[in-house]
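Note that these values count all heavy atoms, side chains included, but never hydrogens, waters or copies made by symmetry. Atoms within a ligand are numbered from 1 in the order they appear, just like the ligands themselves.
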Amino acid sequence: MKLVFKINLFYHIEFKIKAFYDKIFFMKYADIIIDISHERLDKTFEYIVPADLEDVITEGVQVVIPFGAANRAITGYVVDLHDTPKFDVTKLKPIARVVKDSIAIESQLISLAAFLKRNYGSTMNQALKTVIPIKKRENEKLKKEISLAVSIDQARIELNELLTNKRHAIGKERLLRELLTVDVLDWELATKKLQIPTANIRDLESKGIIKIDSVRTFRNPHMNADANAKQITLNEEQEAAAEQIKADIDTGRHKTYLIHGVTGSGKTEVYMDVMDHVIKMGKQVIVLIPEIALTYQTVMRFYTRFGDLVSILNSRMSPGERFDQFERAKSGEISIMVGPRSALFTPFPNLGLIIIDEEHEPSYKSEVVPRYHARETAVYRAGLTGATVILGSATPSLEAYSRAVSGEYKLITLNKRAKGQDMATCVFLNRRGLMGFVSCRACGHVLKCPHCDVALHLHYGGVMKCHYCGYTTKAAKTCPSCGSKYIGSFKAGTQRLEEIVKEAFPTARVLRMDADTTSGKNGHEEILSAFAAHEADVLIGTQMIVKGHDFGKVTLVGIIAADISLNESDFHSGERTFQLLTQAVGRAGRGDEPGIAVIQTYQPENYAVVSSANQDYDSFFKQEFAYRRLLQYPPCSHILGIQVSSEKQADAIAQADILAGVIRSVDPEIIIMGPEDAYIGKLKDIYRRVIYVKADEYDRLVKVKDEIDKFLLEQKQYRSTSTWFDFDPISTI
Ligand code: ADP
Ligand code: ZN
Ligand code: ZN
């Protein structure tokens with residue numbers, strides 16, 4: 001009895017001491033944001049996390065705090081947790097309580113930001129700015145709207161009249177057709193997304209057929225799902241795919257699906273069928289599409305099917321326009337958001353489905369900090385709300401397909417082409433890498449940009465340009481190194497090809513699509529729609545061509561110097577080459593009749609070339625996966641790229657060496673490559689060094705990142721340097 005009491009007392013005292021000790025040394029502190037739609041997301045207030053709330057307070061949780069001198073009780077969101085207070089502890093107040101069931105969309109977005117910060121490396125503020133649209137005061141812009149000035153019947157007559165002229169303006173036809181189905185058309189939508197030239201609009205206005213009004217607020221075009229739209233009946237394969245996903249959704253199983261199906265196998269129809277199902281359940285849908293594939297046809301397909309429920313996001317929108325779109329999503333005005341990578345953060349309160357079309361596209365990885373991947377982030381976001389994810393591709397990424405093989409994702413294969421499009425033209429493809437750089441044929445000297453460690457390229461008009469910083473100078477007449485006048489460039493591949501084709505086929509109408517001809521806002525889309533409208537017989541271009549989603553079928557595809565991409569010093573080169581060639585080869589053919597694709601290559605036995613010629617994904621995957629496993633590249637392991645940059649070369653070098661030392665002390669066993677010069681060692685007068693760290697476990701790399709962050713926070717030297725992280729980089733950094 002006595003003994004037990006003694007032990008109890010002893011424990012009791014020890015417990016007290018420990019609690020006291022914890023209070024002083026192991027207290028947690030929270031940064032709390034009060035108004036999340038506010039411009040200044042970094043405006044946070046620090047509070048103490050009371051010990052009894054420690055388990056329930058995580059990033060995103062909504063809490064009640066005493067605020068101001070009067071300790072008014074207000075609500076805020078926890079955006080960050082840390083062990084060391086930033087302010088005088090004696091002045092900090094404790095959080096009062098947690099708001100029960102705080103499942104507000106804000107909470108979801110904040111935990112999404114915390115995910116980005118942890119897994120891709122950034123400050124919480126950078127992460128919050130990525131996921132939360134910021135309300136910026138913009139001068140109120142007047143929006144222009146187009147509507148018919150005549151009756152519908154009269155408009156039909158005008159349209160028919162237009163069509164009797166074989167060479168009528170396609171823009172006018174489009175505009176009239178649109179205005180027969182919607183009552184008002186937003187000016188921006190008409191000119192930007194629908195590709196209707198301003199001149200065509202003005203012309204119809206001056207004829208009194210349409211009118212243009214200025215209005216204050218943004219409205220989507222009023223569009224009712226077109227009841228007359230030809231209802232497509234899914235074929236057996238499509239039906240089975242859609243039914244499987246819908247059945248899982250109905251029974252509460254939320255998974256990630258990978259639909260592997262050639263272009264034209266009807267993936268989009270499957271997406272729309274599942275979308276319809278999810279919307280009828282009262283939930284919302286996000287559809288990610290690479291920006292380059294967000295064309296007139298794609299947009300109209302979703303509008304025609306879902307009418308006013310759809311909104312479109314694109315990267316040309318101003319922050320204010322984005323904010324408006326996101327507000328409409330939050331308020332339940334729309335149920336579907338279609339857009340590029342950043343549409344993933346649409347604040348739908350009851351998200352049911354995320355679709356990522358062309359899942360393998362590199363544009364799904366952010367090129368600014370936090371360098372997140374939309375695929376992984378989508379799966380995480382879906383997990384927060386119990387939503388389903390569908391990935392689709394004709395040439396899935398190694399990451400997605402290996403997960404499908406291992407059962408982490410559910411694989412669905414579509415083997416048949418749903419319907420053929422026809423067109424009788426040819427295409428030549430070339431890589432931008434062939435653009436001629438300027439070099440001396442006497443001594444081999446390559447002319448470089450004075451600000452970047454890259455070669456200058458010759459453009460029309462006798463100028464040389466840097467493709468990275470835009471530096472432009474007059475083309476050199478003599479070699480600055482040896483004085484020889486044998487200096488020049490191989491012509492840009494696409495320009496040279498255009499000349500050759502025009503010589504060989506003088507009557508053919510030729511279109512060229514490359515960085516030079518598509519610099520306008522919708523350049524690539526204009527060229528593709530001109531080609532789709534049979535305004536040319538031959539299309540010459542870079543790989544950009546195959547990425548346009550609504551691109552039709554052709555009789556002949558020629559691919560010049562296909563192996564250039566194989567020689568890139570990047571372990572993705574096989575995958576990129578296979579994707580490019582497979583998509584290009586897949587363009588050949590009319591309906592079910594195969595067309596011809598000719599591939600020029602110095603490596604005809606290379607597995608990426610052979611399996612793309614055979615359109616055999618499985619064989620490619622097996623060989624590529626074996627290669628990745630052998631050399632321990634993702635998805636068989638993980639890589640963290642760390643870039644250190646400074647305008648002082650010596651600082652960049654010294655700092656990278658120091659960070660390599662930090663990594664070694666944190667994790668002595670981990671594989672470190674470098675430091676070495678980055679892929680482009682100098683860019684815009686900034687020197688760049690890079691370190692790669694490799695590990696099987698992603699979390700080991702996260703730890704390295706966290707320790708470097710901690711080190712940088714305390715470091716006083718080398719303030720001229722900055723450091724960023726790239727997890728599983730998609731190209732050499
Ligand atoms: P993907 O997204 O796989 O490239 P799409 O869904 O765009 O394929 O389909 C290609 C073309 O075939 C589209 O014009 C589409 O309308 C048509 N299509 C798809 N499924 C069917 C079907 N079951 N019946 C008739 N046409 C279809
Ligand atoms: Zn020379
Ligand atoms: Zn430059």
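Below 4.0 Å from some heavy atom of Ser265 lie the following atoms of ligand 1, by number and element: 3 (O), 8 (O). Every atom of ligand 1 with a heavy atom of Thr233 under 4.0 Å away is listed here by number and element: 22 (C), 23 (N), 24 (N). Near Asn235, with a cut-off below 4.0 Å to any heavy atom, the atoms of ligand 1 are 23 (N). Proximity to Leu234 (heavy-atom distance under 4.0 Å) selects the following atoms of ligand 1: 23 (N). Residue-ligand proximity, Lys267 to ligand 1, at heavy-atom distances under 4.0 Å covers atoms 1 (P), 2 (O), 3 (O), 6 (O), 8 (O).
Side-chain contact of Arg375 with Ser397: a donor-acceptor pair under 3.5 Å is present, judged by distance alone. No side-chain donor from either of Asp453 and Tyr468 sits under 3.5 Å from a side-chain acceptor of the other.
Contact annotation: Val262 has at least one heavy atom less than 4.0 Å from an atom of ligand 1. Within the 4.0 Å heavy-atom shell around ligand 1 one does not find Gly261.
Using a cutoff of 4.0 Å between basic side-chain nitrogens and carboxylate oxygens, Glu367 and Arg341 are scored as salt-bridged. Classification of Arg688 and Asp677 as a salt-bridged pair fails, no side-chain N sitting under 4.0 Å from a carboxylate O. Using a 4.0 Å cut-off between charged nitrogen and carboxylate oxygen, Asp618 and Lys622 do not count as a salt-bridge pair. We find that Glu269 and Arg301 are joined by a salt bridge, their nearest charged nitrogen and carboxylate oxygen being less than 4.0 Å apart.
The Zn ion (ligand 3) lies at 2.8 Å or more from every N, O or S atom belonging to His451.
The two residues Leu456 and Tyr471 make their nearest non-hydrogen contact at CD2-CD2, 4.0 Å. The minimum heavy-atom distance linking Tyr271 with Ile259 is given by the pair CE2-CD1, 4.2 Å.
Every N/O-N/O distance between Ile232 and ligand 1 stays at or above 3.5 Å.
Note on the Zn ion (ligand 2): protein N/O/S atoms under 2.8 Å are Cys440 SG, Cys443 SG, Cys479 SG, Cys482 SG.
Draw a line from the Zn ion (ligand 3) to SG of Cys449 and another to SG of Cys466, and the angle between them is 110° (to 10°).
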| query | Do Leu185 and Leu175 pass the side chain to side chain contact (heavy atoms under 4.5 Å, CB included) test, and can you show the C-alpha distance, the side-chain angles, and the key distance before you say yes or no? | reply | CA-CA 9 Å; Leu185 198 56; Leu175 182 57; 3.6 Å; yes

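Counting heavy atoms from C-beta on, the side chains of Ile487 and His445 never come closer than 4.5 Å.
When each of His360, Gln583, Glu358, His260 is checked for a side-chain hydrogen bond (donor to acceptor under 3.5 Å, both in side chains) with Ser393, only His360 meets the rule.
Evaluated by nearest non-hydrogen atom to atom 20 (N) of ligand 1, the leading choice among Met272, Gln238, Arg301 is Gln238.
Contact annotation for Leu414 and ligand 1: no heavy atom of the residue comes within less than 4.0 Å of the ligand.
Counting heavy-atom neighbours within 6.0 Å of Glu647 CD, excluding the residue itself, gives a total of 12 or less.
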